[in-house]
Amino acid sequence: MKILKSIALCLSVVSLTACGGESLDGEVLAQQKGCVGCHGIDGKASVPSYPNLNGQWERYLRLQLIAYRDGQRVNSVMNGMAASLADEEIVALAEHYGS
Ligand code: HEC
């Protein structure tokens with residue numbers, strides 16, 4: 001019963017991290033969240049009007065995503081993209097693109 005309970009708990013947690021303490025895969029996340037459509041799979045933008053993310057520091061990217069999410073940095077596209085990101089998702093995405 002204990003095991004069943006913890007599985008149920010695991011499934012009820014929206015964040016993917018919770019189960020077994022595995023960290024999120026930023027590359028997979030970038031595809032799931034649609035970031036790759038504009039920033040590419042490894043941070044090389046698809047068109048010049050979208051910024052390249054590769055070559056940036058992990059810390060910089062992380063702080064930008066938090067700023068977009070919290071509305072401190074204003075951009076209609078990125079505010080929408082970042083609005084639903086959890087802290088751990090931001091960490092994983094910044095680590096992926098910042099590496
Ligand atoms: C529809 C295209 C589009 C999508 C999808 C998109 N972005 Fe962006 N992104 C942009 C544009 C345009 C900017 C520049 C916005 C600005 O001027 O502030 C930007 C800026 C950024 C920046 C700041 C870069 C810098 O140099 O300061 C980060 C970090 C970023 N995006 C990450 C992401 C992540 C992570 C996702 C997925 C959750 C994502 N983006 C999805 C278009 C997009």
Side-chain angles (χ1 to χ4, degrees):
M1 271 321 274
K2 223 179 178 186
I3 293 174
L4 275 181
K5 234 181 182 176
S6 77
I7 290 173
L9 188 73
C10 225
L11 291 175
S12 70
V13 175
V14 186
S15 158
L16 298 164
T17 35
C19 304
E22 289 166 47
S23 59
L24 289 170
D25 184 333
E27 185 172 325
V28 173
L29 205 56
Q31 289 169 305
Q32 287 171 347
K33 298 284 177 184
C35 320
V36 296
C38 298
H39 297 293
I41 187 77
D42 49 16
K44 195 171 183 320
S46 51
V47 294
S49 53
Y50 302 144
N52 289 327
L53 301 181
N54 57 358
Q56 294 287 8
W57 296 102
E58 176 275 330
R59 180 169 192 276
Y60 171 79
L61 297 175
R62 181 161 38 88
L63 294 179
Q64 297 318 303
L65 286 171
I66 292 169
Y68 283 129
R69 185 186 62 186
D70 297 348
Q72 288 153 338
R73 181 169 172 181
V74 178
N75 175 264
S76 54
V77 174
M78 282 309 302
N79 288 145
M81 289 306 302
S84 66
L85 295 179
D87 287 342
E88 54 268 35
E89 292 176 326
I90 287 181
V91 168
L93 288 164
E95 273 172 2
H96 167 64
Y97 280 122
S99 60

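Order of listing sets the numbers, starting from 1, for every ligand and every atom in it.
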Visitor: Could you tell me whether H39 and ligand 1 have an N or O pair separated by under 3.5 Å?
Guide: yes
Visitor: Main chain of I41, side chain of H96: is a donor-acceptor contact present, judged purely on distance under 3.5 Å?
Guide: yes
Visitor: Out of G34, C38, C35, S84, whose heavy atom sits nearest atom 3 (C) of ligand 1?
Guide: C38
Visitor: To the nearest 0.5 Å, what is the distance between OH on Y97 and CD on E27?
Guide: 8.5 Å
Visitor: Students should be able to answer this: which protein heavy-atom is nearest to atom 18 (O) of ligand 1, and at what distance?
Guide: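 Looking only at protein heavy atoms, the one closest to atom 18 (O) of ligand 1 is Y68 OH, 2.8 Å.
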Visitor: Of the backbone atoms (N, CA, C, O) and the side-chain heavy atoms from C-beta on, which set of L65 has a member under 4.0 Å from an atom of ligand 1: side chain, backbone, both, or neither?
Guide: side chain
Visitor: Do side-chain atoms of N52 reach the backbone of N54 as a donor and acceptor pair under 3.5 angstrom?
Guide: no
Visitor: Looking at Q56 and L53, would you say the former's side chain and the latter's main chain have a donor-acceptor pair under 3.5 Å?
Guide: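 Pair absent, no side-chain N/O of Q56 close to backbone of L53.
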Visitor: With a 4.5 Å heavy-atom cut-off, do L63 and R73 have their side chains touching?
Guide: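 Result no, sub-4.5 Å side-chain heavy-atom pair not found.
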Visitor: Do K33 and E89 touch side chain to side chain, with heavy atoms closer than 4.5 Å?
Guide: yes
Visitor: Is ligand 1 less than 4.0 angstrom away from at least one heavy atom of G37?
Guide: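 No heavy atom of G37 comes that close to ligand 1.
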Visitor: Hey, does L93 have a side-chain heavy atom less than 4.5 Å from the side chain of L61?
Guide: no
Visitor: State yes or no: do V74 and V77 share one hydrophobic cluster built from I, L, V, M, F, W and Y residues joined by side-chain heavy-atom distances below 4.5 Å, directly or via other members?
Guide: no
Visitor: To check your reading of the model: name the closest protein heavy atom to atom 24 (C) of ligand 1, its residue, and the distance in Å.
Guide: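 Residue, atom and distance for the closest contact: L53 CD2, 3.7 Å.
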Visitor: Quick one: pull up CG in D87 and CZ in R69 and give me the separation to the nearest 0.5 Å.
Guide: 4.5 Å
Visitor: Need the ligand 1 atom indices (1-based, order shown) with element for anything under 4.0 Å from a heavy-atom of P51.
Guide: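 Counting from 1, the qualifying ligand atoms are 11 (C), 13 (C), 14 (C), 19 (C), 20 (C).
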Visitor: Note the single closest protein heavy atom to atom 29 (C) of ligand 1, along with its residue, its atom name and the distance in Å.
Guide: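 Its nearest protein heavy-atom neighbour is L61 CD2, 3.6 Å.
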Visitor: Using non-hydrogen atoms of the residue, decide whether E89 is closer than 4.0 angstrom to ligand 1.
Guide: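 False for this residue.
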Visitor: What are the atoms of ligand 1, with element, lying closer than 4.0 Å to any heavy atom of Y60?
Guide: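 The list of qualifying atoms is 25 (C), 26 (O), 27 (O).
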Visitor: Kindly identify the option in H96, M78, K33 whose heavy atom sits closest to atom 30 (C) of ligand 1.
Guide: M78
Visitor: With nothing but distance in play, are any N or O atoms of Y50 less than 3.5 Å from an N or O of ligand 1?
Guide: no
Visitor: Please check whether Q64 reaches ligand 1 - meaning an N/O of the residue sits under 3.5 Å from an N/O of the ligand, judged on distance alone.
Guide: no
Visitor: Do S23 side-chain atoms and A92 backbone N/O form a donor-acceptor pair below 3.5 Å?
Guide: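 Side chain of S23 to backbone of A92, a donor-acceptor pair under 3.5 Å: no, none is there.
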Visitor: Give a yes/no answer: is there an N/O/S atom of M81 under 2.8 Å from atom 8 (Fe) of ligand 1?
Guide: no
Visitor: Within ligand 1, which atoms have a heavy atom of V77 less than 4.0 Å away?
Guide: 1 (C), 2 (C), 3 (C), 42 (C), 43 (C)
